Each structure stands twice: as C-alpha cells, then as structure tokens.
Amino acid sequence: MASVRKFEKVLIANRGEIAVRVIRGLRELGIKAATIYSDADRRSLAVLLSDEAYRIGPAPSRDSYLRGDAIVELAVEIGADAIHPGYGFLAERASFARRIEEAGLQLIGPPSSAIEAMGSKLESRRLMIAAGVPVVPGGESALASLEEATETASAIGYSVMLKASAGGGGKGMRLIREPGEMAAAFRATRSEAAASFGDDAVYLEKYVEQPRHVEIQILGDHHGKVVSLGERECSLQRRHQKVVEEAPSPVVSPELRARMGEAAVRAAEAVGYTNAGTVEFLLDRSGEFYFLEMNTRLQVEHPVTEMVTGVDLVRWQIAIAQGEALGSELDAVEPRGHAIELRLYAEDPFRNFAPSPGVIERLRLPEGPGVRNDCGVYEGDEISIHYDPMLGKLIVWGADRGEALRRLRRALQEIRIEGIRTTVPLYRSLVDDADFIAGNLDIAMLDRKLEAGELTPAHASEHTDLTLIAAALEHGLRQSRASAAPAPEGGRRGHWREAGRRESLRGGGAWS
Ligand code: ADP
C-alpha cells in the first residue's frame, strides 16, 4: 500500500470497554464511529457514545458479534471505510479478515495471512525457529502416536506440556509430570482438540517451571517498518487468564528489553505483520525467554504500554491502516515511569469467581493524579450473562513502581461499584501482598495464593465493614444534599442517556 487514504467512517465489530476505547480514538481523529450491538447491549455505553449504532442480532454471541459475514455486509452498506475488530470475537479469525479484504475494506489489523500463520501453534513454532526466535524446547511436528509422544517426552525430559496446535484461550493444553500420565493425557487432549477446534494435531514442549509471562508490543506499517514498544509483565493470572498487568516488568533490564524487542520484531517480520500486535514470551528463572504465541490484535492490557510510552496505540492502529508510515519518534521508545492495570470483573471473588450479573446501582470511579479508567459501563447499566464479565480496567501511572502501587492502593479506596459483585476486594488484598509489592511474580502465583486462602478471605470482613460504613456515610450525605438542592441527579443523567440514545440510533434499527 503506497498512498495514504483518510477514513471517514469506521465500523467497530465489538462491544464493551474496547468498543468505547476505539470510539474515543476515532473521535480524536475526526472519524465517525459506527458500532454494532446485540439485543443485550441496546443501551450500552458504546452505543450511547457512538455516532451510529446498528442492531446485529439477539444476545448470544454466535447470533450477533460473531456474525462475520453480516458485519462485513453492514460495513459496506453504511459506507464504512474500515472495520476495527477490538479483541476477542472475530479479532483473530483469518476468515473474517479475508472477507473484509475481499469486500475492498480495510481491517484495522494485520493481513489475513499473518493471522492464519500465527493461529496455528505448530506452524508459528516452525516459522519462529526458522526466523531465529527462541521457542520452548520441544517437537516441531504433530505426534502420530502414543509411542511417539512417549519417546519425544523422554527426549525433552519431564515435565512436559502437551498442546493442541489449534488450541487457544488456555484450552487444549495438559501438563504431564511423569510417563505414567501420558496415555490418558494424549487421548484426552487429542479428542478434545478434535471436538473443540476441528483439528486433532497435538505436540509436546518442555514445561517451564514458574516462569513469568512477559510480552512485547510491536507496531508494523505498510512500508516495511516494525518497531518494539517494550514489554508488559502479565504474570498475575487466574487459570491462565490475565488479571493484573504492568509496564515495565520489574525484572526486565534495558539489555533484556532490547533482546526481547529484537526477537519480537523478527517474529512479526517472519509473517509480514502490519498494525499492532503482541509477541508473548515465557521468561524463565534464569532469564532465558521463549516465544509462546503472537496475538494478532490489540490487547486488553494495551493501556499500560500507552501510559509509559506516551504512544496512543489505537491512533497508530488507525494511522497504519490508512497507510501512514511509522515515524522516527517510535524508533527507540523507552518506558517512562511505571503503569499497572487491574481488570475489573463482575465476578464474586468470595464465591470462586462466580459471574455476578445484575444492575450496577452505584458506580464511582477513582480520579486524580495518574489514574485512568477504561470502562465500558455506567451507573444504572445492566450486566448480562452473555459475554465476558469484564466491566473495564483501572490503570494507574507513577514515576516509579512504588508510586504506582501507592496510587493503585488509593484508587482502590475510592472506587465504589454496588449492585453487583466485583473483583475489587481481591485487588484490595493484593496491593498489600508482600510478593506483589516486591514484584516476585510467576504465572501460577495468584492461583497458589488463592488456593492457600492468602488473599481475599482474610480481608473479607474488614472490607465489608468499610463498605458498610462508607455506604452509611454516603447515604447521609445524599440525603442532606437532596434537601439542599431539589433537582435530582438521576433526572439529569436520565435525560443525557435518552439524548445519547436518540443520537446513537440515527441510521440504526433497520438493520437486523
Ligand atoms: P493459549 O493459546 O491457550 O493462550 P498459550 O500457549 O499462550 O495458550 O499458553 C497459555 C498459558 O499457559 C501461558 O500464559 C502460560 O501460563 C502457560 N504455558 C503455556 N505453555 C507453557 C509451558 N511450556 N510451560 C509452562 N507454562 C506454559
């Protein structure tokens, strides 16, 4: 692509906080933001903030946010120049990217060929080895039989990970500690892979003991330039799902950052990558790092990189898709200060993280120095059971990690979410945890601490008390405010919401 073509309208094929994030990016560039919504999201924040909103189907994702063909058709019909897929849903489906390319539109993302190459774990492993990117020691081809699996495992040395080539989202993966576990694991992983991913190819790699998850953010343009924007530490995970991320990593030196950055750029170049992408690595205790996978889209945790680099990733995603070249200001970006992100989930940390749908009766987000909220909901909004329970993200920045932690603690004292249960109490305990404070992290640490009862239960009653006292105080304040000023706050908000709704439905409704 040689010429620069400015977009006038972009369709967002997503929902929740990421749809809101993309709307903000588009608006700052003077581009119209159109969004889709399901019946469950009729009054979502993304719908309210968008310039145009179109109903795409009923609540279940497969009938709405996963209707790739209908979304591309809609984009053509409304005269959109491009589609932003956000993350999740269709963001890493090569077939969706191909449909967009065939329709003559731009995907604000990589070419379908790069998505395809990185979508297969075995294929991407082979490509990375050829490109000189370190991968976890292990096999390079699919295992044909149990005998071959057993032989390969003893050659690698236990413990090993058996992985489905087409797996994802933490599924299709088994840890095998000793030879006796192989037969059952081999059969189960293969049949699970065939059933869930339609591909029963499995392979083995070494199990890395207590590693960190460290990933590199890259940007690639259509003029042959790829840059690294440094790392994010994402080791705090619950069942292989990230919950807290930070930048920079507490253990990555400038020298290691440079080496990991170079490897990530090589990985991207090996598949002709353009736009924003993330190369995930496992960092072991000796400081060796290994390619895990490449996420061919914007990440949930992109704001921590934005906070420490000052680079607006969504703005660059759009600029790259319009054909603009990456500037020299992106050549040697170094992190400034420290950022930490918490994912706010509508889940009950006291009841094994059970989803907590319902109406958000009260929402007060923290403000003040160094605090950013990327939130997809508003007070009065209803959280449905249909989608990922993430409400949004709380991000803090500080001049160093200590200041970021102090701000995080302060922000967690300010935040109030009532009507539904959230993971906030877990985080209030986490910010006082000695290992978290010291940056002693590994990918199994959170699960270990939760299992040992080290985090939430000990603090549960204390925070319940605090919440009750705060609620009582606030109720008193509200009452005295109400008697002083008769115009009810809710009335104004209600009016704004309705106005937003009228605005957002321009052009909508007809589409289903
Ligand atoms: P998925 O595509 O399902 O996300 P990944 O290959 O990215 O699978 O792995 C998900 C998580 O599983 C990683 O973040 C890490 O916590 C763990 N993991 C994966 N491979 C290994 C390995 N070889 N050794 C130790 N942990 C691993």
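Just so you know, ligand 1 is whichever comes first in the structure, and atom 1 is the first atom listed for that ligand. Below, each value reflects all heavy atoms present in this structure, side chains not excepted, and no hydrogens, waters or symmetry copies. No experiment lies behind these values; they were computed from the predicted model shown.
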Problem set entry | Atom CD of E102: over 12 foreign heavy atoms under 6.0 Å |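 Check passes, neighbour count above 12.
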Exercise. Should we count CZ of R448 as having more than 12 external heavy atoms under 6.0 Å?
Worked result: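 It does: R448 CZ has more than 12 such atoms within range.
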Among protein heavy atoms, which sits nearest to [atom], and what does the distance come to when rounded to 0.1 Å?
| atom | answer |
| --- | --- |
| atom 15 (C) of ligand 1 | I443 CD1, 3.5 Å |
| atom 10 (C) of ligand 1 | M173 CE, 3.8 Å |
| atom 24 (N) of ligand 1 | V208 N, 2.9 Å |
| atom 6 (O) of ligand 1 | K163 NZ, 2.9 Å |
| atom 3 (O) of ligand 1 | G170 N, 2.5 Å |
| atom 27 (C) of ligand 1 | M161 CE, 3.6 Å |
| atom 11 (C) of ligand 1 | H240 ND1, 3.6 Å |

Exercise. When you check the gap from the basic side-chain N to the acidic O, do R238 and D447 get nearer than 4.0 Å?
Worked result: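 Salt bridge flag = no for D447 with R238.
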Exercise. Would you call R190 and D200 a salt bridge, taking side-chain N to carboxylate O under 4.0 Å as the test?
Worked result: yes
Could you tell me which atoms of ligand 1, counted from 1 in the order shown, lie closer than 4.0 angstrom to a heavy atom of [X]?
| X | result |
| --- | --- |
| Q237 | 14 (O), 16 (O) |
| L292 | 6 (O), 7 (O), 13 (C), 14 (O), 19 (C), 20 (N) |
| H213 | 14 (O) |

Taking atom types as modelled, find out whether [X] and [Y] have a side-chain donor-acceptor pair closer than 3.5 angstrom.
| X | Y | result |
| --- | --- | --- |
| Y65 | D41 | yes |
| E101 | S112 | yes |
| S286 | E288 | no |

Problem set entry | Pair F96 and F89, ring centroids less than 6.0 Å apart | no
For this session: Counting heavy atoms only, name the option from L282, V160, L204 that's nearest to atom 22 (C) of ligand 1.
Result: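 Of the listed residues, L282 has the closest heavy atom.
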Exercise. Which option, K121, R212, E293, owns the non-hydrogen atom nearest atom 8 (O) of ligand 1?
Worked result: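 Result: the heavy atom closest to atom 8 (O) of ligand 1 is in K121.
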For this session: State whether the side chain of N275 and the backbone N or O of R297 hold a donor-acceptor pair below 3.5 Å, judged by distance alone.
Result: no
For this session: Say whether E209 and ligand 1 are in contact under the criterion: heavy-atom distance to a ligand atom below 4.0 Å.
Result: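 It does not; every heavy atom stays at 4.0 Å or beyond.
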